[in-house]
> 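Below you will find the structure I want to go over with you.
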Amino acid sequence: MADDRESVFASLRASLGRLERRTPYPDYPADAATPPARRGTGPGLFRQRLEAGNTIVIEGADALAGLLRDRGVRTGYCDPDLVPLLATALGPEFELRAGFDRNRADDYEFGITRASAGIVETGTLVLKDQHTSDRLGAVAPWIHVACLEGGRLHETLAQAFDDLGDDPNVVLVSGHSQTADVEGIMIHGVHGPGEQVCLLLESEKETETGP
Amino acid sequence: MSRQALDAFAAGIESEVLEAIEIGARSGVDKRLATLTEDYADADALRRLAGQVRQHTLDHLDEYLASAEERLTSHGAQVHFAASPDRALEMILDIVRASGTRVITKSKSMASEELDLTRRLTEEGFEPVETDLGEFVVQLDGDRPSHIVKPIIHKNRRDVARSFERCGLGDYDDDPETITRRARAYMRDKFLDARVTMTGANFISAESGRVAVVTNEGNARFGLAAADVHIVLAGIDKVIPRDRDLALLLSLLIRSATGQRITSYVELVAGPRLADRPSGPREMHVIFLDANRSSVVGSDMAPILRCIRCGACMNACPVYRLSSGHAYRGVYPGPMGAVLGPLLAGNEGFAAVADLARASTFCGACRDVCPVDIPIPDLLARLRARSVREGVILARAGVPSMAGYLLLARHPRLWRLAMGLGRVLDWLPLRRLPLASIRAWFDSRTLPRWRGAQFRKDVKRGRREQEDG
């Protein structure tokens with residue numbers, strides 16, 4: 001294996017040695033690819049972009065109870081840290097399990113985990129490992145509810161990439177799982193959740209800026 | 001051989017397949033254009049910028065590759081370098097054997113196609129499962145992907161339903177939603193059984209070591225939640241300088257590939273899971289595959305390594321649309337494949353695929369849509385020149401001799417005479433000439449009426465008018 005490394009780098013250096021001039025790194029703003037019409041921030045705009053991108057947005061535990069009731073689901077995975085808050089608010093009608101048993105994966109009709117932030121430009125939820133109690137609980141059930149505390153918004157994709165930190169696994173989630181592999185017809189719910197929900201908790205009042 | 005291998009293949013394609021390809025490719029072109037036009041006043045400026053970022057990376061690839069290795073290692077990932085596809089396969093086999101798994105889930109990875117990985121893992125007694133729906137159908141059929149973003153662009157729903165029925169995934173039902181639900185149910189068990197999951201990489205940041213993988217289905221995401229071991233197989237050309245470049249490159253990649261602004265999921269993986277988390281890989285391996293890429297870097301063909309695998313060039317290419325991805329006989333179809341395929345084949349394999357550079361009308365559509373500004377027609381022309389220099393017979397098939405042109409072009413008087421007599425061509429039965437290459441040429445072309453010598457006359461007249469004031 002060490003031999004391969006050596007031969008790859010030797011070949012690279014030999015090839016690059018032929019160059020008379022090397023292309024410089026261009027000086028450009030990190031948000032160069034953010035379309036002018038997608039600029040702006042604030043919870044209202046974020047919500048609008050989430051909904052346009054197939055994420056259902058709800059506020060408060062009552063709305064969550066209504067959604068789960070409407071879908072006819074009762075049992076799901078829930079981040080242990082959120083169980084005290086949500087179990088009381090949702091009531092005994094719903095069973096929130098604080099652990100995800102992979103041997104009974106089909107028992108979980110929904111999964112509730114925390115989101116780390118949102119991206120207004122693309123209507124995206126940022127799921128970092130440090131805030132995701134169980135990756136399986138977030139991806140396996142048909143309905144995923146990502147709880148986002150208000151105020152943690154990035155205006156652009158570029159800002160979000162600037163804030164990845166040293167988290168080993170960050171997932172940007174923009175809507176539900178989908179495919180168009182068969183004749184280009186869009187079908188939702190392939191491997192990931194068929195319904196993506198964003199539960200906004202304690203939304204802070206923020207200054208809304210338009211594009 | 002009287003015609004190009006690609007032309008011969010195209011002549012045998014059923015009209016139903018061609019129709020499926022045409023519809024799929026055209027919708028790709030339309031969606032891409034609609035999003036780029038709506039979002040950017042000058043998308044070309046962004047394409048040039050992205051091209052410069054990619055070219056800069058290639059021109060400093062030794063430094064960036066070493067940096068990516070260092071960052072990944074510091075996060076607890078194990079980094080390997082494979083000089084060839086066979087060496088990469090050996091490394092993958094070592095890792096999966098050590099894991100004790102039988103089932104391996106796999107997300108779409110073009111690099112893995114270079115290894116023919118699914119077939120070879122199966123031969124070694126493992127059960128690799130392609131989890132992208134299109135790739136799964138390809139696996140069921142023992143087929144090959146014919147497009148790098150839409151692997152089953154050549155199949156319709158009836159084909160897929162028949163494959164599912166044949167493989168015991170339910171009675172015939174060609175409803176796309178039913179097909180999708182059946183794939184979900186089947187794959188779910190595989191995800192939970194597999195101790196190893198494999199992905200490719202759209203980009204790897206040299207600054208952080210972060211591996212970016214985009215999907216819409218969530219297959220990479222499920223694999224990265226359920227498995228214990230994550231193997232990333234990526235070409236050495238997938239490295240980019242910084243995390244900040246992800247915003248630019250992902251924005252262009254996704255718009256060019258599917259016309260979306262962002263895919264449902266973008267995975268950004270820098271290492272094994274946090275120690276206190278219950279799910280996610282405990283072990284991460286990144287295998288950087290060379291396979292002749294290092295010899296292309298630094299050459300006049302290097303711009304092809306800027307490619308970010310969006311598939312826009314094949315959607316736009318009239319030759320691809322009429323011949324299908326399978327006509328390119330390799331992993332990478334379409335205009336980018338016609339360049340990359342012969343280069344990755346190395347000096348030894350070049351002659352066998354050098355004819356692919358002929359698979360172009362030089363219309364330039366591939367260059368115009370490329371999100372990283374690759375001058376594909378120029379690169380194809382260089383490959384054609386190389387095939388002539390090296391006397392590759394296969395690449396000359398069906399190509400009329402240029403000896404007559406060469407003679408005329410070297411002798412101005414003869415040229416003038418020929419131009420004057422050229423009108424005779426309008427009356428000659430050229431199609432009936434007993435020359436195979438001439439007949440092959442006329443199979444798909446019509447000669448316009450002769451207008452030779454007009455250019456010279458116009459130039460002379462212009463000069464006279466200039467002199468007369």
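First the proteins, then the strands, lettered A, B, ... as listed; each starts at 1.
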> Among I23(B), D62(B), V53(B), single out the residue with the greatest number of heavy-atom pairs under 4.5 Å to chain A.
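Maximum pair count with chain A is reached by D62(B).
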> So for L12(A), is it side chain, backbone, both, or neither that comes closer than 4.5 Å to the heavy atoms of chain B?
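Both the backbone and the side chain of L12(A) come within 4.5 Å of chain B.
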> Distance from H56(B) atom NE2 to T23(A) atom OG1, nearest 0.5 Å?
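With rounding to 0.5 Å, NE2 (H56(B)) is 8.5 Å from OG1 (T23(A)).
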> Run the ring-centre check on F222(B) versus H191(A) and record whether the distance is less than 6.0 Å.
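When the ring centroids of F222(B) and H191(A) are compared, they turn out to be at least 6.0 Å apart.
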> Tell me, do L164(A) and L268(B) make a side-chain contact under 4.5 Å, heavy atoms counted?
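With C-beta onward as the side chain, the pair touches.
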> So which of T122(A), V182(A), V173(A) has the largest heavy-atom pair count under 4.5 angstrom toward chain B?
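Max contact count across the listed options: V173(A).
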> What's the separation between atom CG in D106(A) and atom CG in D189(B), rounded to the nearest 0.5 Å?
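So the CG of D106(A) and the CG of D189(B) are separated by 7.0 Å.
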> Quick check on the interface: out of P193(A), G123(A), A30(A), who has the most heavy-atom pairs with chain B under 4.5 Å?
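Of the options given, most contacts go to A30(A).
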> Who among L136(A), L19(A), L157(A), T179(A) has the most heavy-atom pairs with chain B under 4.5 Å?
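It is L136(A).
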> Less than 4.0 angstrom from a charged side-chain N to a carboxylate O is my criterion; do K155(B) and E183(A) meet it?
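Result for this pair is no, no salt bridge flagged.
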> Is it the case that over 12 heavy atoms from other parts of the model lie below 6.0 angstrom from the CZ atom of R18(A)?
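Atom CZ in R18(A) is packed in, count exceeds 12.
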> For residues F161(A) and S205(B), determine if any side-chain heavy atom of one lies less than 4.5 Å from a side-chain heavy atom of the other.
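No, too far: nothing below the 4.5 Å cut-off.
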> So, the side chain of D39(B) versus the backbone of P35(A): is there a donor-acceptor pair under 3.5 Å, distance only?
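Pair absent, no side-chain N/O of D39(B) close to backbone of P35(A).
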> When you compare the side chain of W142(A) with that of R184(B), does any pair of heavy atoms fall below 4.5 Å?
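The answer is yes; the side chains approach within 4.5 Å.
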> Going from CD on E6(A) to CZ on F81(B), what distance comes out if it is rounded to the nearest 0.5 angstrom?
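Those atoms lie 12.0 Å apart.
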> Which atoms of Q130(A) are under 4.5 Å from chain B, going by heavy atoms: the side chain, the backbone, both sets, or neither?
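For Q130(A), the contact with chain B is made by backbone and side chain together.
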> Between L127(A) and chain B, which part of the residue has a heavy atom less than 4.5 Å away: side chain, backbone, both or neither?
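The side chain, not the backbone.
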> Does the side chain of R135(A) reach to within under 4.5 Å of the side chain of R273(B), using non-hydrogen atoms?
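Counting from C-beta outward, R135(A) and R273(B) do come under 4.5 Å.
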> With side-chain contact (heavy atoms from CB on, under 4.5 Å) as the test, pick out the partner of N169(A) among R210(B), E267(B), H230(B).
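Exactly one pass, corresponding to E267(B).
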> Between Q178(A) and S264(B), is there a side-chain donor-acceptor contact under 3.5 Å, judged purely by atom types and distance?
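Checked: S264(B)/Q178(A) side chains pair up, N/O donor to acceptor below 3.5 Å.
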> Side chain, backbone, both or neither: which part of D162(A) has an atom under 4.5 Å from a heavy atom of chain B?
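Neither part, no heavy atoms under 4.5 Å.
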> Identify which part of E63(B) has an atom lying under 4.5 Å from any heavy atom of chain A, answering side chain, backbone, both or neither.
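The side chain, not the backbone.
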> Need one label for F9(A): side chain, backbone, both or neither, based on atoms under 4.5 Å from any heavy atom in chain B.
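Contact with chain B is through the side chain of F9(A) alone.
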> Tell me whether D166(A) at atom CG has more than 12 heavy atoms from other residues, nucleotides or ligands lying less than 6.0 Å away.
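At most 12 heavy atoms, drawn from other residues, nucleotides or ligands, come within 6.0 Å of this atom.
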> Output yes when a side-chain donor or acceptor of S15(A) lies under 3.5 Å from a complementary backbone atom of G298(B), and no otherwise.
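Here the side-chain-to-backbone pair does not exist.
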> Does the pair D181(A) and D132(B) meet the rule for a side chain to side chain contact (heavy atoms under 4.5 Å, CB included), with working shown?
CA-CA 9 Å; D181(A) 273 350; D132(B) 173 87; 3.2 Å; yes
> Tell me, do R21(A) and D59(B) make a side-chain contact under 4.5 Å, heavy atoms counted?
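No; the side chains remain at least 4.5 Å from each other.
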> Taking side chain as everything from C-beta outward and backbone as N, CA, C, O, which of these in T132(A) sits under 4.5 Å from a heavy atom of chain B? Side chain, backbone, both or neither.
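T132(A) touches chain B through backbone heavy atoms alone.
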> What's the spacing between R277(B) CZ and D134(A) CG if we round to 0.5 Å?
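Spacing of CZ (R277(B)) from CG (D134(A)) equals 9.0 Å.
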> So which residue, G24(B), S295(B), S27(B), ends up with the most heavy-atom pairs under 4.5 Å with chain A?
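Highest number of heavy-atom pairs under 4.5 Å: S295(B).
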> Side-chain contact test, heavy atoms from C-beta onward, threshold under 4.5 Å: evaluate it for Y25(A) versus D245(B) and give yes or no.
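A side-chain contact under 4.5 Å exists here.
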> Side-chain contact test, heavy atoms from C-beta onward, threshold under 4.5 Å: evaluate it for P168(A) versus L274(B) and give yes or no.
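They are in contact (side-chain heavy atoms under 4.5 Å apart), so the answer is yes.
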> Does any heavy atom of chain A fall under 4.5 Å from the side chain of T263(B), the backbone, both, or neither of them?
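The answer is the backbone of T263(B).
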> Spell out, as yes or no, whether a donor-acceptor pair under 3.5 Å connects the side chain of R102(A) to the backbone of A226(B).
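Yes, because the side chain of R102(A) sits within donor-acceptor range (under 3.5 Å) of the backbone of A226(B).
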> Looking only at heavy atoms and a cut-off of under 4.5 Å, which of V171(A), L172(A), D167(A) has the most pairs with chain B?
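Most pairs with chain B among the choices: L172(A).
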> Measure the shortest side-chain to side-chain distance between P24(A) and Q52(B) over non-hydrogen atoms and say whether it is less than 4.5 angstrom.
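They are in contact (side-chain heavy atoms under 4.5 Å apart), so the answer is yes.
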> Given a strict heavy-atom distance threshold of 4.5 Å, which part of H176(A) is in contact with chain B: side chain, backbone, both, or neither?
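Interface part for H176(A): backbone (N, CA, C, O).
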> If you tally heavy-atom pairs under 4.5 Å against chain A, which of D174(B), L249(B), L65(B), D159(B) wins?
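Greatest number of close heavy-atom pairs with chain A: L65(B).
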> May I ask you to name which of I185(A), V8(A), T156(A) has the most heavy-atom pairs under 4.5 Å with chain B?
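Among I185(A), V8(A), T156(A), the one with the most close pairs to chain B is V8(A).
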> With chain B, which of A10(A), A140(A), A105(A) has the greatest number of heavy-atom pairs at distances under 4.5 Å?
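Option with the greatest count: A140(A).
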> Can you confirm whether more than 12 heavy atoms, excluding those of E95(A), are under 6.0 Å from its CD atom?
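Enclosed.
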